[in-house]
Undergrad: 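Next up is a structure, given as structure tokens.
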Amino acid sequence: MIPVNEPLISERELEYVTECLRSGWISSEGRFVREFEEKWAAYCGMRYGVAVSNGTAALQAAVTCLDLQPGDEVIMPTFTIISCAQAVVYNGGVPVLVDSDPKTWCMDVSQIEEKITPRTKAIMPVHIYGHPVDMDPIREVADKYGLIIIEDAAEVHGAEYKGRKCGGLGDISCFSFYANKIITTGEGGMVLTNSEDYAEKLRTLRNLCFRKEQRFYHTELGYNFRLTNVQAAIGLAQLERIDALVEHKRRIGHMYTERLSDIPGLQLPSEERWAKNVYWMYGVVLDEGTGMDAVEFAKRLATRGVMTRPFFLGMHEQAVFHKMGLFKGEHYPVAERIARQGLYLPSGMALTEEQIDAVCTAVHHIIR
Ligand SMILES: Cc1ncc(COP(=O)(O)O)c(C=O)c1O
């Protein structure tokens, strides 16, 4: 089987991890956590970085910074991972959804303003599968209504919007460093911000809201979202060669596009003129006219040795939220179509050109 993802680990990761193990700095104290935070923030063009245990924790902590009151609303795409919506729900708020752009699969920014109410506190754009969200209209709406932007940049390490790095465009931005991400720490995440107040709050929230003066006296509830020095060591080693990793991802994306662009009925990832797509995962959407949905397509690819993953299923189609009385009767036609017709092909760092050829031959055979 050709796997959907396989990370590339170099000698440098081994060297840094060994340093942690030999020195005994294996929990969340140690030089690698601080360096990883500083260097990742600098890479993305933000002032402060707060490393956390995963991307879901990053979103949870970021939303906690909003101090939501029951019923306060956060606008986000329906087409995303549940981590986004659950962060709002766990913080007592209500996720308010918009549909996807049919070309980029990111949130349709033209639908945001009509969803704003007196309860709206924030907008959460999520860059999807390597392609940036169109951020300028979001900033315009956010400024007009005094809203915070929490940017979910988990899937777009190194991607650019009008020449600026994704994850450097919101008021707070969130990352995942799970093993399938462009740079990884195994499990891990980070929150970035230019605000000293948010940074301080995030550091406190991450570490059980211990206080400097009287450690075990608490005035607020926090989380244990600490990243270990061992994980940060892997991340720092990866970050040292991020330019090469991003270029490698783009090369994989271009190789797929060259080999698949002549197949009718198969939509490939786009790259808007204002965007640098990093093709985190190479998604494809089958035209309904092919008579096949993504489940059937995935089955046929699997019989030819190609592993795939389905696209996200919209938040408005989740039983867990219906049980809470959320999103009932809501429809988002683009997200619904791409959820049923979309999947992503093997896209890992370790993918070879021969494997890409084999995947594309399989796709050609199945669709033709
Ligand atoms: C857009 C997005 N946000 C958040 C997350 C959550 O990250 P984690 O798996 O590290 O909790 C993911 C995970 O892949 C993601 O794709």
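Positions are given from 1 along the sequence. Counting starts at 1 for both ligands and their atoms, following the listed order.
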Undergrad: Pull out every atom of ligand 1 sitting under 4.0 Å from any heavy atom of E155, numbered as shown with elements.
TA: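 In order of number, 1 (C), 15 (C), 16 (O).
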Undergrad: Check whether the ring centres of Y282 and Y344 lie less than 6.0 Å apart, and answer yes or no.
TA: no
Undergrad: Give the ring-plane orientation class for W40 versus F36, where under 30° counts as parallel, over 60° as perpendicular and anything between as tilted.
TA: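 Because their plane-to-plane angle lies in the 30° to 60° range, the rings of W40 and F36 count as tilted.
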Undergrad: Any ion pair linking E160 and K165 (charged N to carboxylate O, less than 4.0 Å)?
TA: yes
Undergrad: Are any of the N or O atoms of G55 closer than 3.5 Å to those of ligand 1?
TA: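 Yes - when backbone and side-chain N and O of G55 are compared with those of ligand 1, one distance drops under 3.5 Å.
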Undergrad: For ligand 1, does V126 get within less than 4.0 Å through its side chain, its backbone, both, or neither, judged by non-hydrogen atoms?
TA: side chain
Undergrad: I need the nearest protein heavy-atom contact for atom 5 (C) of ligand 1: residue, atom name and distance, please.
TA: I81 CG2, 3.8 Å
Undergrad: With nothing but distance in play, are any N or O atoms of E187 less than 3.5 Å from an N or O of ligand 1?
TA: no
Undergrad: Answer side chain, backbone, both or neither: which part of L59 comes under 4.0 Å from ligand 1, heavy atoms only.
TA: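 Side chain only.
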Undergrad: Does the cation-pi check pass for K181 over F175, that is, NZ or CZ under 6.0 Å from the six-membered ring centre and within 45° of its axis?
TA: no
Undergrad: Would you say T80 has any N or O atom under 3.5 Å from an N or O of ligand 1, going by distance alone?
TA: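 Not met; the criterion fails.
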Undergrad: Mind checking whether H316 and Y332 have parallel, tilted or perpendicular rings, split at 30° and 60°?
TA: perpendicular
Undergrad: Would you call R139-D171 a salt bridge at under 4.0 Å N-O?
TA: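 Yes, this pair counts.
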Undergrad: Can you report which non-hydrogen protein atom sits closest to atom 3 (N) of ligand 1, along with the distance?
TA: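 Atom 3 (N) of ligand 1 sits closest to the protein heavy atom D152 OD2, 2.6 Å.
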Undergrad: Does G189 have a heavy atom less than 4.0 Å from any atom of ligand 1?
TA: no
Undergrad: Verify whether the ring centers belonging to W274 and H131 lie closer than 6.0 Å.
TA: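 So the answer is yes for these two rings.
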Undergrad: Hey, mind stepping through H157 and F177 against ring pair (Phe, Tyr, Trp, His ring centres under 6.0 Å) and telling me if it holds?
TA: CA-CA 9 Å; H157 305 173; F177 300 117; 5.4 Å; yes
Undergrad: Side chain, backbone, both or neither: which applies to T56 and ligand 1 if a contact is any heavy-atom pair less than 4.0 Å apart?
TA: both
Undergrad: Against heavy atoms of S83, which atoms of ligand 1 measure under 4.0 Å?
TA: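 In order of numbering, the contacting atoms are 6 (C).
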Undergrad: Students often mix this up, so state it plainly: with edges at 30° and 60°, are the rings of F312 and F79 parallel, tilted or perpendicular?
TA: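 Perpendicular: the ring planes of F312 and F79 meet at over 60°.
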Undergrad: Between K181 and ligand 1, find which residue part has any heavy-atom pair under 4.0 Å and reply side chain, backbone, both or neither.
TA: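 Under 4.0 Å from ligand 1, K181 contributes side-chain atoms alone.
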Undergrad: Can you tell me which portion of N54 lies within the under-4.0 Å heavy-atom range of ligand 1? Options are side chain, backbone, both, or neither.
TA: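 Contact part for N54 vs ligand 1: both backbone and side chain.
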Undergrad: Of the choices S176, A153, G188, S53, which has the non-hydrogen atom that lies closest to atom 10 (O) of ligand 1?
TA: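 Among S176, A153, G188, S53, the closest heavy atom to atom 10 (O) of ligand 1 comes from S176.
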